[in-house]
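Reading through the structure tokens given below for one structure.
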Number of protein chains: 2
Amino acid sequence: MNPVIDFNSKLACKSCSLLSLCLSTGLNAAQISQLERIVKRTRLLHRNDILFRQDETFHSLFIVKTGSIKTFLPGPETDSEQIIGFYLPGEFLGFDAIQEQSYSCHAQVLETTAVCELPFDQLTELSHEIPDLQQQLFRLLSKEIVDESRMLALLNRKHAEERLAAFLAGLSCRFQRRGFSATDFYLSMSRGEISNYLGLAVETISRLLGRFQDEGLIRVERRHIQILHLDRLHAMAGNDTRTQKRKQASEG
Amino acid sequence: MNPVIDFNSKLACKSCSLLSLCLSTGLNAAQISQLERIVKRTRLLHRNDILFRQDETFHSLFIVKTGSIKTFLPGPETDSEQIIGFYLPGEFLGFDAIQEQSYSCHAQVLETTAVCELPFDQLTELSHEIPDLQQQLFRLLSKEIVDESRMLALLNRKHAEERLAAFLAGLSCRFQRRGFSATDFYLSMSRGEISNYLGLAVETISRLLGRFQDEGLIRVERRHIQILHLDRLHAMAGNDTRTQKRKQASEG
DNA sequence: ATCACACATTGACTTAGGTCAAACGGGGGC
DNA sequence: GCCCCCGTTTGACCTAAGTCAATGTGTGAT
């Protein structure tokens with residue numbers, strides 16, 4: 001289920017398709033190698049490991065190389081935590097920590113996961129020399145803002161069915177963009193985590209997945225999801241074609 | 001209700017307490033005057049004027065000097081718009097536009113409002129010379145991310161009562177920080193706009209405001225709000241004292 | 001291989017808040 | 001000054017989704 005990775009040697013960033021995907025649009029080879037020099041050793045983490053904690057001093061951004069991570073705000077009870085986001089290969093974490101110089105949430109690993117660590121002060125220093133890097137960082141922060149405001153709209157205006165459809169459609173897009181199948185993937189999060197993230201009850205997720213399957217929209221077996229009608233799923237998520245195109249263009 | 005402002009002359013930024021509050025923490029006088037030079041003429045807008053539209057090409061960030069602005073994602077129907085945020089004096093708009101170089105939402109003025117315009121390319125250029133400026137910009141973006149994730153948690157985990165309490169408590173904090181009263185202010189948005197923002201029905205807002213008043217928590221008459229028990233309001237919003245302190249510290 | 005436990009499903013019932021409808025009231029336009 | 005219209009309030013009713021409870025099921029530990 002998880003690809004086998006060579007963890008013995010430090011992976012050079014140029015062999016890591018992710019960094020170029022994420023950061024270096026517009027950077028030349030020399031600039032990329034400058035960037036490589038500041039990347040700290042790849043870290044390998046296992047299910048339930050904590051990458052960072054709320055209030056911990058901020059030093060670094062992280063990029064998911066393989067695996068997946070959830071971020072959440074803790075609540076008074078264990079089950080009153082609020083999941084803020086799921087992070088898949090090629091995605092950045094830690095932007096929330098810049099403001100107060102400490103992380104605003106916990107980040108916990110959902111499955112065996114490799115991350116790159118980017119010390120932020122070195123990154124900003126370097127971005128003085130490389131204007132495009134600064135620009136790219138601003139873009140990544142900005143994307144996070146846009147994504148979260150779309151999520152606000154989802155939670156405020158959409159019913160359970162549309163939320164789950166949007167969630168699955170979103171995962172599909174993100175997997176596809178990293179070269180995985182858009183229609184056949186494994187969820188790294190439990191039903192409970194999905195329901196928490198979407199502001200629904202576990203039972204609702206369970207019933208909806210069942211219904212989606214009955215309707216021939218998807219095939220679901222435990223955490224294995226196959227999307228049979230991606231177009232219908234997008235329609236159900238309330239993405240008109242125009243929105244979809246715009247999103248795909250921007251995410252590409 | 002609105003202070004009288006001298007709109008005949010361009011307001012120098014140093015006379016504008018806002019810029020120093022918002023941007024220039026840690027900037028010296030020379031740097032501030034560099035910054036001043038790139039600020040475009042203050043613009044004066046009136047109720048319902050559009051500051052920018054979704055998909056419009058991005059050139060500038062804006063700061064609210066006086067008045068207030070809402071941002072929203074348009075929906076297919078007029079009433080299916082989703083309000084993303086309200087912006088008060090001293091607050092920045094436009095960060096969402098960096099990613100795609102076009103605004104992700106509409107920004108509309110709620111009352112007579114003055115804004116400063118900061119051309120973004122000049123701002124980033126300047127921030128190569130002034131590291132602290134770059135840092136400050138990153139912080140502002142980051143704050144937006146944290147605020148939005150708190151809002152996600154609010155919408156997902158809180159009931160109507162807690163949402164409205166949090167909304168009022170939040171306004172109170174923001175007014176106070178700009179030197180206005182924390183317990184006596186006017187809402188620049190309608191009940192409908194509040195309900196839209198909080199993901200509730202107008203009727204629910206109306207009923208809750210009535211109930212809060214009956215309970216002696218607030219005095220409300222049309223858009224005039226007086227908070228009689230700020231502590232109880234914060235408690236109702238689910239802000240434990242610790243969270244409150246941390247928030248105040250960070251927002252100061 | 002077996003057990004135990006956490007995750008997942010399914011059904012029955014409850015409820016917070018939405019929807020619909022009707023009445024009210026204040027401020028801007030004439 | 002009067003009227004109209006939009007925003008607001010209030011009441012009656014409805015429904016989507018939550019809660020509670022019971023039952024299944026795959027996985028990892030022993």
Side-chain angles (χ1 to χ4, degrees), chain A residues 1-2 46-48 70 77-83 108 110-112 154-167 186-214 218-225 236 238, chain B residues 1-2 46-48 70 77-83 108 110-112 154-167 186-214 218-225 236 238:
Chain A
M1 192 162 132
N2 288 314
H46 297 97
R47 180 164 170 68
N48 295 332
K70 70 170 174 182
E77 325 293 316
T78 317
D79 64 336
S80 66
E81 72 179 43
Q82 170 61 49
I83 296 177
Q108 187 170 25
L110 295 173
E111 63 190 316
T112 301
L154 184 77
L155 295 178
N156 261 353
R157 310 209 70 76
K158 307 285 190 179
H159 284 189
E161 177 183 286
E162 297 168 282
R163 292 188 203 182
L164 185 58
F167 177 71
Y186 284 82
L187 300 172
S188 57
M189 65 293 288
S190 69
R191 305 282 192 272
E193 286 164 331
I194 297 172
S195 70
N196 180 307
Y197 178 62
L198 296 178
L200 300 167
V202 202
E203 293 90 331
T204 304
I205 300 297
S206 194
R207 283 186 250 266
L208 280 174
L209 284 175
R211 219 183 68 201
F212 285 1
Q213 178 160 237
D214 292 346
I218 62 174
R219 271 276 297 143
V220 48
E221 193 184 352
R222 305 222 19 105
R223 295 183 173 197
H224 182 201
I225 301 283
M236 193 177 265
Chain B
M1 194 163 131
N2 286 316
H46 298 96
R47 180 165 168 67
N48 294 332
K70 70 169 175 183
E77 325 293 315
T78 316
D79 63 337
S80 67
E81 73 179 43
Q82 169 62 48
I83 295 178
Q108 187 171 25
L110 294 174
E111 63 189 318
T112 301
L154 184 77
L155 295 177
N156 261 353
R157 309 210 71 75
K158 307 286 189 177
H159 285 190
E161 177 183 286
E162 299 169 281
R163 292 189 203 183
L164 185 58
F167 177 71
Y186 284 82
L187 301 172
S188 57
M189 65 294 287
S190 69
R191 305 282 191 273
E193 285 164 331
I194 297 172
S195 70
N196 180 307
Y197 178 61
L198 296 177
L200 300 167
V202 202
E203 294 90 332
T204 304
I205 300 296
S206 194
R207 283 186 249 265
L208 280 174
L209 283 175
R211 220 184 69 202
F212 284 2
Q213 178 160 238
D214 292 346
I218 61 174
R219 271 278 296 144
V220 49
E221 192 184 354
R222 302 211 37 93
R223 294 184 173 198
H224 182 201
I225 301 283
M236 194 178 264

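The sequence lines fix the lettering, A, B, ..., with proteins before strands; numbering per chain opens at 1.
- Between the CG atom in Leu187(A) and the CD1 atom in Ile194(A) there is a gap of 5.0 Å [rounded to 0.5 Å].
- For the pair Met189(A) CE and dA6(C) C1', the interatomic distance rounds to 18 Å; values are reported in whole Å.
- Residue Gly210(B) is out of contact with every strand shown, counting any heavy-atom pair closer than 4.0 Å.
- Residue Arg222(A) is in sugar-phosphate contact alone, with no base atom involved, counting any heavy-atom pair closer than 4.0 Å across all strands shown.
- At a threshold of 4.0 angstrom between heavy atoms, the contacts of Ser190(A) are confined to the sugar-phosphate backbone, with no base atom among them.
- What separates NZ of Lys158(A) from C1' of dA16(D) is a distance of 17 Å, to the nearest Å.
- Between Tyr186(A) and Arg222(A), every side-chain heavy-atom pair lies at or beyond the 4.5 Å cut-off.
- Across the protein-nucleic acid pair, Glu161(A) atom CD and dG18(D) atom P stand 14 Å apart, rounded to whole Å.
- Taking atom CD of Glu162(A) as the reference point, atom C1' of dA17(D) lies 14 Å away to the nearest angstrom.
- Projected onto DNA chain C by closest heavy-atom contact, Ile205(A) and His159(A) fall at different nucleotides, the more 5' of which corresponds to Ile205(A).
- Using five terminal pairs a side, the axes of the helix from dA1(C)-dT30(D) to dC30(C)-dG1(D) at its two ends make an angle of 50°, given in steps of 10 degrees.
- Counting heavy atoms from C-beta on, the side chains of Glu193(B) and Asn196(B) never come closer than 4.5 Å.
- Of the residues in residues 196-204 of chain A, those with a non-hydrogen atom less than 4.0 angstrom from any atom of DNA chain C are Glu203(A).
- Of the charged side-chain nitrogens involved, at least one lies within less than 4.0 Å of a carboxylate oxygen, so that Lys70(B) and Glu81(B) count as a salt-bridged pair.
- Inter-residue side-chain proximity for Phe212(A) and Val220(A) is flagged as unmet; no heavy-atom pair is nearer than 4.5 Å.
- Distance, Glu111(A) CD to dT27(D) P: 15 Å, rounded to whole Å.
- Closest heavy-atom contact between Arg223(A) and Ser188(A): NH1-O, 3.3 Å.
- Here the OG1-CD distance, from Thr204(B) to Glu161(B), works out to 12.5 Å after rounding to the nearest 0.5 Å.
- Looking at Arg191(A) and Leu209(A), their side chains come closer than 4.5 Å, going by heavy atoms from C-beta outward.
- Counting distance only, with no hydrogens placed and no angle test, the side-chain atoms of Arg207(A) and the base atoms of dG11(C) include a donor-acceptor pair under 3.5 Å.
- Between dT9(D) and Arg191(B), a contact under 4.0 Å exists linking OP1 or OP2 to a side-chain N or O.
- To the nearest 0.5 Å, the span separating CG on Asn156(A) from CG on Leu200(B) amounts to 8.0 Å.
- As a whole-Å value, the separation of Leu209(A) CG from dC7(C) P is 16 Å.
- To the nearest angstrom, P of dC6(D) lies 15 Å from CZ of Arg223(B).
- Atom CZ of Arg211(A) and atom C1' of dG11(C) are 16 Å apart (whole Å).
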